[in-house]
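See below for the structure under consideration.
Here is the naming used below: chain letters follow the sequence lines, and residue numbers restart at 1 for every chain.
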Amino acid sequence: MEDEQDLPEQIAIRMAKRERILASGQDAYPVSLPITRTIDQVKNKYPDLEIDVATGDKVSLAGRVMFQRNTGKLCFATLQAGTGSRIQVMLSLDKVGEEKLEEYKELVDLGDHLFVEGEVITSKRGELSILVDSWSIAAKTIRPLPNLHNELGEEYRVRHRFVDLIVRDRAREVVQIRSKVMQSLRNTFTKDDFIEVETPMLQTIHGGASARPFKTHSNAFDTELFLRIAPELFLKRAVVGGIDRVYEINRNFRNEGADRTHSPEFAMLEAYEAYGDYNTMAELTQTLIQNAAMDVFGTLQVQLEDGEVNDLSGEWARVSMFESLSEAAGVEITPDTDIKVLKALADKEGLEIDHPLHGKYVEELWEHFVKGGLQKPTFVMDFPVDTSPLVRDHRSKPGVVEKWDLYIRGYEQATGYSELVDPVIQRERFVAQVKLSAAGDPEAMKLDEDFLKALEFGMPPTGGMGMGIDRLLMSLTGLGIRETIMFPLVK
RNA sequence: GCGCUUCUAGCUCAAUCGGCAGAGCAACUGACUCUUAAUCAGUGGGUUCCGGGUUCGAUUCCCGGGGAGCGCACCA
């Protein structure tokens, strides 16, 4: 650290206090403290004491000083636990003595962790308090907390999430909600006999999705490696190996733009079920999300940040992509519709699409005409074949594949397939992707020989689904993605 | 990647048609044994994001760079 002269005033003063504590033979950062109670335990034990009561109950506890009200001979402070619950402590001249009271006033700042021993009482105003017999510093804070009476700025919140978590209840709450949602998802899977695995994040060939990857280099293998854009191809290898019900919740990395709904690293859930198909995966997905809402909020009418309600109840609608598009566009559009007709329609609607694939036009037109109107949870079924290289052809409808996307409040929330398991067709699809890649599409998939070899050993009929965890949190809270991720990337 | 907006004290924000940079909270000194955003009196605290230019003088105007926010594009 720089010279004390150069430090901001408040930091220099606190550094000096730290020195004073150490010089007096005390510890500014003791390794352990004889704590007998948490703040929550005390509050739960005495929910409604009368005014001015002395319980005779001696406790010792610690917390962060959030408010201080120092007077001549009786000082008040509010301690906060990690849970956010708070309790008042009182230091009086007759209990702690003149020397320790002075020392308290001189050395203890807002933000410090304070340890106190004393009796549980209520003040003359009726507030549950600890009447302190003795105190010591539990951890000295060098930097001042921000002012608690204004909202923190957006950038400060994200760059100093540790401070945000101290001062803002909602920040702590979101962390807890996220943890509970993860737990609920895992419970649902466990009840359904799925097992959780972890597959490689460093890959020699990236696959399983259409996206630009992050590249890195292995010194040991002297080779280029990619951070995974999806776990899909490894989870399918697991299914080939007989892990019939398998899922993974872990991070994916995509070298794309970041905005309110996209983060370069994001948590992804993928699940595969042998002898399932895209219908059973739709049911599973609905169950996962509804269970999460019930487990975390106790309701399927989820209250969002802006006051709106996200209604997740009932059986979720299923609509066909081509049918819903035809209806909204007012013209019949099928997999056989000439691509020139699609291009003309796109031009007429002011869409700038320049892509060789028929399916790309269908998807873009669908997003233009239909997507925004899908507020209630809706499975959009049966996608174009040429944009879905890992999905099997529809069992009865020609020209489409058995794939759905789940939309909630206009956002893509999850996707599900009847997986393509025919190694010959899968090879053809990869070859088509390689041609796109050669034609300059940076997101086209690469041909993965090892994955094809796995399919050649026989993959059972399988349903698969993938869901963005951060997106799920957004649907359940109405927050932006950077608020659902505790430490989002900032430059 | 492109466009618009923004960056001032520890935090949240004012102000300047280009002329000594302000407030609230926080901090410091003092008073106060029932406060709770304690109160009262007083005090200090700034590379106005960085670099260059114009100017007697730039925090303000211009150019370049950086961070952030919003919109568009791409994507989940």
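For A/K124, whose side chain is taken as the heavy atoms from C-beta onward, the closest listed nucleotide among B/C11, B/C28, B/C34 is B/C34. Across B/A37, B/A27, B/A68, the shortest atom-to-atom separation from the side chain of A/I13 is found for B/A27. Side-chain proximity of A/F67 to the nucleotides B/A27, B/C11, B/A37 is greatest for B/A37. With B/U33, B/G44, B/G10 as the candidates, the nucleotide lying closest to the side chain of A/S92 is B/U33. If you check B/U33, B/G10, B/A68 against the side chain of A/R159, the one that comes closest is B/A68.
Rounding to whole angstrom units, CD of residue A/E155 and C1' of B/C13 are separated by 16 Å. Atom CD in A/Q68 sits roughly 14 Å away from atom P in B/U39 (whole-Å rounding). The distance from atom CD of A/Q10 to atom C1' of B/U29 is 15 Å, rounded to the nearest whole Å. Atom CG in A/L110 sits about 12 Å away from atom C1' in B/C11, given to the nearest Å. Following rounding to the nearest Å, A/L93 (CG) and B/C34 (P) show an atom-to-atom distance of 13 Å. The nearest whole Å value for the distance from the OH atom in A/Y104 to the P atom in B/U33 is 16 Å. Atom CZ in A/R168 sits about 13 Å away from atom P in B/U12, given to the nearest Å. Rounded to a whole Å, the CD1 atom of A/I87 is 20 Å from the P atom of B/C34.
Between A/D112 and A/K140 there is a salt bridge, since a side-chain N of the basic residue sits under 4.0 Å from a carboxylate O of the acidic one. Using a cutoff of 4.0 Å between basic side-chain nitrogens and carboxylate oxygens, A/E270 and A/R228 are not scored as salt-bridged.
With hydrogens and angles left out, the side-chain atoms of A/E117 and A/S60 include no donor and acceptor closer than 3.5 Å. Side chains of A/S24 and A/Q26: a donor-acceptor N/O pair is present below 3.5 angstrom, by distance only.
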Using a 4.0 Å heavy-atom cut-off to protein, can you give one letter per nucleotide of nucleotides 70-76 of chain B, 5' to 3': B if the base is in contact, S if only the sugar-phosphate is, - if neither? S---BBB

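Using modelled atom types, no side-chain atom of A/T78 and backbone atom of A/M66 make a donor-acceptor pair closer than 3.5 Å. Side chain of A/S129 to backbone of A/E127: a donor-acceptor contact under 3.5 angstrom is found.
Shown here is A/R318, whose CZ atom has more than 12 heavy atoms of other residues, nucleotides or ligands within 6.0 Å. No more than 12 heavy atoms of other residues, nucleotides or ligands sit less than 6.0 Å from atom NZ of A/K95. A 6.0 Å sphere centred on NZ of A/K105 holds more than 12 heavy atoms belonging to other residues, nucleotides or ligands.
Along RNA chain B, the nucleotide closest to A/E151 and the one closest to A/N70 are compared, and the more 5′ of them pairs with A/E151.
A/K17 comes within 4.0 angstrom of the backbone, heavy atoms only, and of no base. Nucleic acid contact class of A/T71 (heavy atoms, under 4.0 Å, all strands): base. Within 4.0 Å (heavy atoms only), A/G153 reaches sugar-phosphate atoms of the nucleic acid but no base atom. Within the nucleic acid shown, A/L145 has no heavy atom closer than 4.0 Å to any nucleic acid atom. Looking at heavy-atom distances under 4.0 Å, A/M90 makes contact with a base.
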A correct dot-bracket answer for RNA chain B, with pairs being Watson-Crick or G-U at under 3.5 Å, [ ] for crossing pairs and | for inter-strand pairs, is (((((((..((((.....[..)))).(((((.......))))).....(((((..]....))))))))))))....

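Nearest approach of A/L233 to A/D448, heavy atoms of both residues: CD1-OD2, 3.7 Å.
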